[in-house]
Amino acid sequence: MVSKKKSLKQVMDFRLEKLESLLKNRINPYPPKFQPKHKSMNILSDYDNYEGLNVIVAGRIMALRKMGKASFVQLMDDEGKIQIFVRNNDIGDENYSNFKLLDIGDFIGVEGEVFKTKTGEITIKTHKLTILAKSIRPLPIVKEKDGQLFDSFTDKEQRYRKRHLDLILNPEVRETFQKRSKIISSIRNFFDNQGFLEVETPILQPIYGGANARPFTTHHNTLNQKLYLRIADELYLKRLIIGGFDRVYEIAKNFRNEGMDRNHNPEFTMLEFYWAYSDYEDCMNLVEQLFAHIAKKLDSFYLDWGDSKIDLTKKFHRKSFFELLSQATGHNLDDFDEKKIKLVCKENKIDMKDNANIGQMLDELMSSLVEPNLIEPTFVIDYPKLISPLAKLHRNGNPNIVERFELFIGGSEVANSFSELNDPLDQRTRLEEQSKLKELGDEEAQPIDEDFIQAVECGMPPTGGVGIGIDRLIMLLTGNRWIKDVILFPPLRT
RNA sequence: GACCCAGUAGCUCAGCUGGUAGAGCAGUGCCCUUUUAAGGCAUUGGCCGAAGGUUCAAAUCCUUCCUGGGUCACCA
């Protein structure tokens, strides 16, 4: 890449010259290996045991304060920053003049003695300094005093496009992704311990289903066939239940060809698990246990929420869909009276299209009047059948209600679950209704998956299933408000 | 998809009632052996997101486009 920017070229040229000088001094600027033995964090947090000790650390130079024949360096390793003291007397003229060829951004290895400077900062006095990697492109400079940042690297476009810089310069970003990793491994851990089998199902699918969304399409050359990127793994996981695996889970990337905003990304991660011989009540209990488990692994049992805290370990609330709706609107809507529902929408200034059906109106009332107020963990249970094509009819005999829950925490949806529909005749009817919607132009309705229905016809045990949006869960647990901030490389136009 | 905001040096930003670009940091040179937003002196660096237009004159006004952000729409 040829840079036309003069200023940048100038800086890079100086660095290339320094690189040349190092080579001339017979120093390999990119040696094959260096073995650090200590971490900055340990030294800083356990100074009493490190004082006077010889340590070996390695990392990237983040600040350089050169003063003639002595210098201070801020060295950053993967856990923190520590100050390095480099002095002509300690390492010799030749080494010191090579040291002076270093820049912010370079990697070095340092062997030296831990001490405190006269201002009290824990520092390593260098006996031996090894250059590990010379950088030739300058890093943005962020300075800090008493916790206040100067010139911090905050431009969102830059942060997402150059995530490596974001990770170097914004410690809370690296913490978010460390936490993300921890959360996902604790989820695996939980399901493995519960006897669930982790499986992988196709991302490239000849027919998509399991959710209502527009898919991405692609083409396989050899098969000469259209393929879709999965929008959900639900139908494949159910095939596995039918196949005799009683407990399966997958942490799957799903792809939906939709707009993006604070809560939506076209590719996102979803946990789904299916559990034979269980129902949605068992699933609620298991989800509660899962949250307690994650909280324990994170060693963080509460979420900060404004002035209050959300307790993740106590029993979650359980409230029925229509109970919440009647509290919010003052009307009982469980008689599915279209006129009344329309009126309630109007009362609450909710604009609906003229052709909106009852299901869409109920859904909209819930999401505008109820869901934002569900701050404490709350299972909303017993949904209208109209908006739940894959859930089993309620055991209480009401033909309009299904056994389904959604979990809300902090006003946003975290989990969605059903007692899965395993009646093949009912399943066929409901999927046929969906495909009719599709023919009528609903681009998000599901096409009919004959193979799946045939699999259900072979007999599927009663099963509970749950989906949890991992990205949103991580937003919740890390206090991030934008989904892009919990995805390392969010998509951007090129 | 609609509307609003932003894009000026490697980074963070100022300049925008039109007169042809400025600071701090980073960089470079010199000085400096306990500094910490190190300091002192000197200094380099810009087709002001792109293309058109208005004007004697445009970073500044107008139009279109590009990129990002925000709100809404769509969507679990």
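Lettering follows sequence order; numbering is per chain, from 1.
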Of all the nucleotides listed (B/C11, B/C25, B/C74), which has the minimum atom distance to the side chain of A/Pro140?
-> B/C11
Considering only atom C1', compute the distance from B/A59 to B/A14 and round it to an integer number of Å.
-> 12 Å
Between B/A23 and B/U8, how far is it from one C1' atom to the other, in whole Å?
-> 13 Å
Do A/Asp90 and A/His127 meet the criterion of a side-chain donor-acceptor pair at a distance under 3.5 Å?
-> no
Tell me yes or no: between the side chains of A/Asp46 and A/Asn49, is some donor less than 3.5 Å from an acceptor?
-> yes
How far apart are the C-alpha atoms of A/Thr176 and A/Asn480, what are their side-chain angles, what is the distance that settles it, and do they pass the side-chain hydrogen bond (donor to acceptor under 3.5 Å, both in side chains) test?
-> CA-CA 8 Å; A/Thr176 290; A/Asn480 278 294; 3.2 Å; yes
Side-chain H-bond candidate by donor/acceptor type, A/Ser71 with A/Arg65, under 3.5 Å | no
Atom pair distance, as rounded to whole Å: CD1 in A/Ile122 and P in B/U35 = 17 Å
Polar side chain donor-acceptor pair, A/Ser320 to A/Asp382, under 3.5 angstrom | no
Of A/Ala213 and A/Leu64, the one whose nearest nucleotide on RNA chain B sits closer to the 5' end is A/Leu64
Write down the distance separating the C1' atoms in B/C13 and B/U54, rounded off to the nearest Å.
-> 30 Å
Using atom P of each nucleotide, how far apart are B/C4 and B/C61 to the nearest Å?
-> 16 Å
If we ignore angles and hydrogens, is there a donor and acceptor under 3.5 Å between the side chains of A/Thr463 and A/Glu420?
-> no
Sugar-phosphate or base contact per nucleotide [nucleotides 66-71 of chain B; S, B, -; heavy atom under 4.0 Å] | -SSSSS
Paired with B/U20 by Watson-Crick or G-U wobble geometry, both distances under 3.5 Å: which nucleotide is it?
-> none
Below 4.0 angstrom from OP1 or OP2 of B/U34, is there any side-chain N or O of A/Lys118?
-> no
G-U wobble or Watson-Crick pairing nucleotide for B/C3 (cut-off 3.5 Å, both distances) = B/G70
If you look at every strand shown and take non-hydrogen atoms under 4.0 Å, does A/Ser152 touch a base, only sugar-phosphate, or nothing?
-> sugar-phosphate
Under 3.5 Å, is there a donor-acceptor pair between the A/Asp77 and A/Ser40 side chains?
-> yes
Using the C1' atom as the reference point in each nucleotide, state the distance between B/G45 and B/A21 in Å, no decimals.
-> 13 Å
What's the CD-P distance between A/Glu17 and B/U44, to the nearest Å?
-> 18 Å
Respond yes when some side-chain nitrogen or oxygen of A/Gln158 is under 4.0 Å from OP1 or OP2 of B/C11, and no when none is.
-> yes
Which residues satisfy the ring pair (Phe, Tyr, Trp, His ring centres under 6.0 Å) test with A/Phe268, sequence neighbours excluded?
-> none
Taking B/G27, B/G45, B/U33 as options, the one with an atom nearest any side-chain atom of A/Arg87 is B/U33
Residue-level proximity of residues 72-85 of chain A to RNA chain B when a heavy atom falls under 4.0 Å | A/Phe72, A/Gln83, A/Phe85
Could you state the atom-to-atom distance from CZ of A/Phe150 to C1' of B/A26 in whole Å?
-> 16 Å
Using a cut-off of less than 4.0 Å, is there contact between a side-chain N or O of A/Lys145 and OP1 or OP2 of B/A38?
-> no
Return the nucleotide paired to B/C47: Watson-Crick means purine N1 to pyrimidine N3 with N6-O4 or O6-N4, wobble means G-U with N1-O2 and O6-N3, both under 3.5 Å.
-> none
Among B/U44, B/C75, B/U28, the one nearest any side-chain atom of A/Lys18 is B/U28
Give A/Arg214 one of three labels, base, sugar-phosphate or nothing, depending on what nucleic acid heavy atoms sit under 4.0 Å from its own.
-> nothing
The Watson-Crick or G-U wobble partner of B/A38, with both key distances under 3.5 Å, is none
So A/Tyr160 and A/Asp166, side-chain hydrogen bond (donor to acceptor under 3.5 Å, both in side chains) or not? Walk me through it.
-> CA-CA 8 Å; A/Tyr160 300 142; A/Asp166 195 25; over 6 Å; no
Looking across every strand, which nucleic acid part, if any, lies under 4.0 Å from A/Asn263 by heavy atom: base, sugar-phosphate, or nothing?
-> nothing
Which part of the nucleic acid does A/Glu121 contact within heavy-atom distance under 4.0 Å: base, sugar-phosphate only, or nothing?
-> base
Can the ring centres of A/Tyr228 and A/Tyr208 be said to be less than 6.0 Å apart?
-> yes
Distance, C1' atom - from B/U60 to B/G15, rounded to whole angstrom | 9 Å
Taken to the nearest whole Å, CG/A/Leu149 to C1'/B/G24 is 16 Å
Name the nucleic acid region contacted by A/Glu413, choosing base, sugar-phosphate or nothing; use a 4.0 angstrom heavy-atom cut-off, strictly under.
-> base
Value for OH (A/Tyr383) from CG (A/Asp363), rounded to nearest 0.5 Å, stands at 8.0 Å
State whether A/Lys143 places a side-chain N or O below 4.0 Å from either non-bridging phosphate oxygen (OP1 or OP2) of B/G24.
-> no
Partner of B/C32 under the Watson-Crick or G-U wobble criteria, both distances under 3.5 Å, comes out as none
Under 6.0 Å from the six-membered ring centre of A/Phe115 and within 45° of its axis: does the NZ or CZ of A/Lys125 meet both?
-> yes
A/Met62 CE to B/A38 C1', in whole Å, measures 17 Å
Integer-rounded Å distance: B/C11 P and A/Asp103 CG = 17 Å
Looking at A/Arg65, does any N or O in its side chain come under 4.0 Å of the phosphate oxygens OP1/OP2 on B/U35?
-> no
Most 5' of A/Phe153 and A/Thr117 on RNA chain B, judged by nearest nucleotide | A/Phe153
Can you find a side chain N or O atom of A/Lys6 that sits less than 4.0 Å from OP1 or OP2 on B/G46?
-> yes
B/U71 and B/A37, which share atom name P, separated by this distance in whole Å = 36 Å
Using a cut-off of 4.0 Å on non-hydrogen atoms, how would the nucleic acid contact of A/Phe268 be classed: base, sugar-phosphate, or nothing?
-> nothing
Pair A/Ser419-A/Arg404, side-chain donor/acceptor within less than 3.5 Å = no
Is there a donor and acceptor pair, one atom on the side chain of A/Ser7 and one on the base of B/G10, closer than 3.5 Å?
-> yes
Within this structure, what is the CZ-to-P distance between A/Arg137 and B/C11, rounded to whole angstrom?
-> 11 Å
To the nearest angstrom, the CD1-C1' distance between A/Ile168 and B/A26 comes to 15 Å
